[in-house]
Amino acid sequence: MRLHFLVAINIALIVSICAGLTASAADNWPTRPVRFIVTLGAGSGADIGARLLADRLSQRWGQPVIVDNRPGGDGLVAINAFVSAHDDHVLLFSPTASFSAHPYLHENLPYKAGDLAPIARVSNTLIGVGVPVGLKLSSLKELVAMAREQPGQLNWAGVTGALDFVFAGWLKQEGLSINKVPYKNPVDAANDLAEGRVQIYEASLAIVRPQMQAGKIKELAVVNTVRAPTMPDLPTAAEAGFPGLTLDGLVGLFGPSDMPLELRQRIASDIHAVADKTFDDRLTTTGQLMNIGGPEEFGKSIDAQRAQVAAYAKELGINPM
């Protein structure tokens with residue numbers, strides 16, 4: 001009896017000490033420079049958000065926060081560099097659309113979903129459905145009507161990822177025959193849309209902003225659940241009568257798989273603390289909405305997006321590789 005009692009006390013002590021060490025590690029982090037690996041190139045919405053956040057967190061943490069752009073390979077270049085580092089001072093800053101469709105697109109992925117531990121959702125990318133102004137369309141319903149009248153004659157620009165699955169699934173739901181033109185570079189797709197070489201492009205507003213400002217592209221709707229603050233008259237796809245075309249672009253920060261929840265929560269709390277009105281305003285001008293969420297909330301929103309991609313993949317007859 002006495003032996004069991006002593007064993008129980010020792011176990012409790014060990015648990016208490018481990019918990020204390022974890023809390024202490026979270027309190028003392030970071031102890032050296034932090035690196036954000038970004039899946040997209042310089043000038044992208046995610047890159048701008050990462051740099052704005054890095055500047056503020058560097059001041060708060062008293063350590064440099066370096067932004068390391070690793071574009072290419074459908075996000076795999078950056079993700080592989082992040083996972084290979086296995087360092088709690090090397091974090092991944094990425095739109096979830098960069099990887100939520102990976103199981104349906106790539107064989108022998110160099111990482112598992114569990115390798116990306118959610119730290120914080122930072123923003124939602126505003127995503128629109130755009131057409132060349134020469135088509136003289138003013139709504140999604142007009143676009144759908146044109147596609148029905150001209151089956152197989154229109155083209156849409158597709159860039160590998162979750163957006164492709166959602167748009168292709170929506171086309172199938174609506175019974176529309178529109179040809180996909182694949183692109184590796186989203187900027188090339190935006191340029192071809194402006195010149196009328198493709199007729200439809202679902203992309204972040206940040207990508208097509210130069211062509212919109214030049215008066216060459218017209219956005220018909222955003223696919224987010226809310227309207228774009230900078231374009232308040234532009235309806236959501238759901239408001240336009242097409243709820244199946246709804247997708248919120250999620251952008252956030254990830255840590256290695258063994259990063260303790262306490263540390264991830266603390267980093268998320270720091271992000272919330274530095275996300276001031278100036279940060280919000282800068283994101284808005286680049287086609288993003290500030291939407292800070294902790295690790296649990298971010299994880300749930302990622303799961304919901306993965307489920308949405310899986311549903312559209314099933315509708316399209318695409319199985320995980």
- Under 3.5 Å, side chain of His106 to main-chain N/O of Asp74, donor-acceptor pair present? no

- Query: For the atom pair CG (Leu40) and CG (Asn69), what is the distance rounded to the nearest 0.5 Å?
  - Reply: 8.5 Å

- List the steps and the verdict of salt bridge (Lys or Arg N to Asp or Glu O under 4.0 Å) for Arg264 and Asp88. CA-CA 10 Å; Arg264 289 187 283 135; Asp88 67 1; over 6 Å; no

- Run the salt-bridge test on Arg282 and Asp280 with the 4.0 Å N-O cut-off and return the result as yes or no. no

- Message: How close do Val90 and Phe82 get, counting heavy atoms only, and between which atoms?
- Response: O-CE1, 3.3 Å

- Is a side-chain N or O of Glu219 found less than 3.5 angstrom from the main chain of Val129, in a donor-acceptor match? yes

- Item | Basic-acidic side-chain contact under 4.0 Å: Asp55, Arg60 | no

- Heavy-atom donor-acceptor pair, His89 side chain to Thr31 backbone, under 3.5 Å: yes

- Message: When you measure from the side chain of Ser58 to the backbone of Gln63, do you find a donor-acceptor pair of N or O atoms at a distance under 3.5 Å?
- Response: yes

- Message: Checking the side chain of Arg227 only, and the main-chain atoms of Pro235 only, is there a donor and an acceptor separated by less than 3.5 Å?
- Response: no

- Item | Salt-bridge criterion met for Arg56 and Asp276 (N-O under 4.0 Å) | yes

- Message: Using only atom types and a distance under 3.5 Å, with no angle test, would you say the side chain of Ser269 pairs donor to acceptor with the backbone of Gln265?
- Response: no

- Which of these passes side-chain contact (heavy atoms from CB on, under 4.5 Å) with Asn155: Asp192, Ile178, Val198, Leu193? Val198

- Query: Do you reckon Ile200 sits in the same ILVMFWY cluster as Leu234, going by side-chain contacts under 4.5 Å, direct or chained?
  - Reply: no

- Message: Would the distance check show the side chain of Arg209 and the main-chain N or O of Thr285 forming a donor-acceptor pair, the cut-off being under 3.5 Å?
- Response: yes

- Message: Taking the ring of Phe165 and the ring of Tyr104, is the distance between their centroids below 6.0 Å?
- Response: yes

- Task: Measure from the ring center of Tyr201 to the ring center of Trp156 and say whether it is less than 6.0 Å.
- Result: no

- Item | Under 3.5 Å: donor-acceptor pair, side chain of Arg121, backbone of Asn291 | yes

- Query: Do NZ/NE/NH1/NH2 and the carboxylate oxygens of Arg266 and Asp27 come within less than 4.0 Å?
  - Reply: no

- Item | Sidechain-backbone polar pair: Asp115 side chain, Ser257 backbone, donor-acceptor under 3.5 Å | no

- Full working for side chain to side chain contact (heavy atoms under 4.5 Å, CB included) between Leu126 and Leu205: CA-CA 6 Å; Leu126 289 163; Leu205 296 183; 3.9 Å; yes

- Task: Tell me yes or no: between the side chains of Asn191 and Gln211, is some donor less than 3.5 Å from an acceptor?
- Result: yes

- Any chance the rings of Phe298 and Phe254 have centres within less than 6.0 Å? yes

- State yes or no: do Phe279 and Leu57 share one hydrophobic cluster built from I, L, V, M, F, W and Y residues joined by side-chain heavy-atom distances below 4.5 Å, directly or via other members? yes

- Item | Main-chain N/O of Val226 paired with Asn224 side-chain donor or acceptor, under 3.5 Å | no

- Pair Lys136 + Glu142: basic N to acidic O under 4.0 Å: no

- Student check: side-chain heavy atoms of Ile302 and Gln305 closer than 4.5 Å: no

- Task: Dump the intermediate steps for side chain to side chain contact (heavy atoms under 4.5 Å, CB included) on Met290 and Val122, then the final yes or no.
- Result: CA-CA 6 Å; Met290 187 172 79; Val122 176; 5.9 Å; no

